[in-house]
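Naming: A, B, ... by sequence-line order, numbering from 1 per chain.
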Amino acid sequence: MHVIVNGQAHELDAENTSLFDLLQTLGLNSSWQAVVVDAELIPKSQHVTFELTDGARVEVVTPMQGG
Amino acid sequence: MLTIGDKALTSRLLLGTALFPTLQTMTDAIIASQTQVVTVSIRRQMAQQNQNHFFWETIKSLDLRVLPNTAGCKSVKEAVTTAHVARELFGTHWIKLEVIGDDYTLSPDGVALVEAARMLVGEGFEVLPYTTEDLCLANRLIEAGCRIIMPWAAPIGSGQGPLNLFALRTLRERLKDVTLIVDAGLGKPSHAAQVLEMGFDGVLLNSAVALAQDPVSMAKAFSLAAQAGRLAFEAGVMPVREMASPSTPTLDMPMWHQGAQA
């Protein structure tokens, strides 16, 4: 199964397809981040139970400077 | 006092955090400005990138209220999703709502802005919409539930100052009970003083401070200008006259003056 994370393709093995697994694998586990899958926010409380599907588009975002 | 949501603020200056040459300069400028609200945004997290982490740690250490924006959003869906992310990330229901309709001028898309505002107000957000000085659009945003309207002075980052004084004056006159914060296009402290003298409740700016040769001094200058402008509004500015009117009394002029009575 493959997913797109911040614009880059990643392969996931069939057993570890939760959003939490993906973030752990990629080292994206800062306390100050939020995750959007297919243009919908997935609250942190749901990361463990949220199952990714083939082709899912994942965006991991963090605070930045803004005007 | 300027109130946003349930928060009463002593400063009428809201400051953006972008474009500063260094984090330290940004921090010093924020402190010099005496602002209590700074705008922030979101971007992709990269595994090896610590810069954003430092930025957020710095902002948290300053004990300010943050106003996340939806900069770069061009549709209702993008803006609403960004607001959801901001609420999760920053733990605030305040959102500076931007829905851009034109890349060249960064004009807000009024139709999409109203729709996004209505949805977000319905979800409990305190929506601060970045809009034009158009009165009817402001009215639509108020109908959608916005308690604060943020008209631009000029295009974002242009520093031109208030371009349409007639429309801004009309907006202030027609929306007496609505909090109005001039957002975008201010270039120098006199611009901030000018709109606050007109009765606007606050100003939000970024480039004018961050792109100054000395951002920290400029932040202080804007703070003083905002205070001066508000004080002048409360003091009541004199009416403009078409013709001269002597300020020195003409009664009992000495006799060598032409026309003086003997």
Legend entry - Close side-chain approach of B/Phe222 to B/Leu205, heavy-atom, < 4.5 Å: yes
Legend entry - Those residues that, when tested against B/Lys74, pass salt bridge (charged side-chain N to carboxylate O under 4.0 Å, His left out) (two or more places apart): B/Asp103
Legend entry - Polar contact flag, side-chain donor to acceptor under 3.5 angstrom, B/Gln34-B/Ser11: no
Legend entry - Those residues of residues 29-36 of chain A, ordered by number, that approach chain B below 4.5 Å (heavy atom to heavy atom): A/Ser30, A/Trp32, A/Gln33, A/Ala34, A/Val36
Inset, instruction - Look at B/Glu57 together with B/Lys60 and state whether they make a salt bridge at an N to O cut-off of under 4.0 Å. - result: yes
Legend entry - Inter-chain contacts: residues 44-59 of chain A against chain B, heavy atoms under 4.5 Å: A/Lys44, A/Glu59
Legend entry - Side-chain ion pair, A/Glu40 and B/Lys77, N-O less than 4.0 Å: yes
Inset, instruction - Please tell me if the side chains of A/Leu28 and A/Val5 come closer than 4.5 Å, counting only heavy atoms from C-beta onward. - result: yes
Legend entry - Under 4.5 Å from a heavy atom of chain A, the part of B/Phe20 involved: neither
Inset, instruction - Give the member of B/Ala210, B/Ala18, B/Ser41 that has the highest number of heavy-atom pairs under 4.5 Å with chain A. - result: B/Ser41
Legend entry - Test item: side-chain donor near acceptor, B/His191 and B/Gln160, under 3.5 Å: no
Inset, instruction - Find out whether B/Cys146 and B/Leu128 are in side-chain contact, i.e. whether some heavy atom of one side chain is under 4.5 Å from a heavy atom of the other. - result: no
Inset, instruction - Answer yes if the side chains of B/Thr25 and B/Asp28 hold a donor-acceptor pair under 3.5 Å, and no otherwise. - result: no
Inset, instruction - Report yes if the side chains of B/Leu23 and B/Phe55 come closer than 4.5 Å at any heavy-atom pair, otherwise no. - result: yes
Legend entry - Residue selection (most heavy-atom pairs with chain A, distance under 4.5 Å) from B/Glu98, B/Lys96, B/Glu88: B/Glu88
Legend entry - Pick from B/Asp183, B/Val85, B/Leu204 with the largest number of heavy-atom pairs that fall under 4.5 Å of chain A: B/Val85
Inset, instruction - Sequence neighbours left out, what passes salt bridge (charged side-chain N to carboxylate O under 4.0 Å, His left out) with B/Asp201? Give chain and number order. - result: B/Arg172
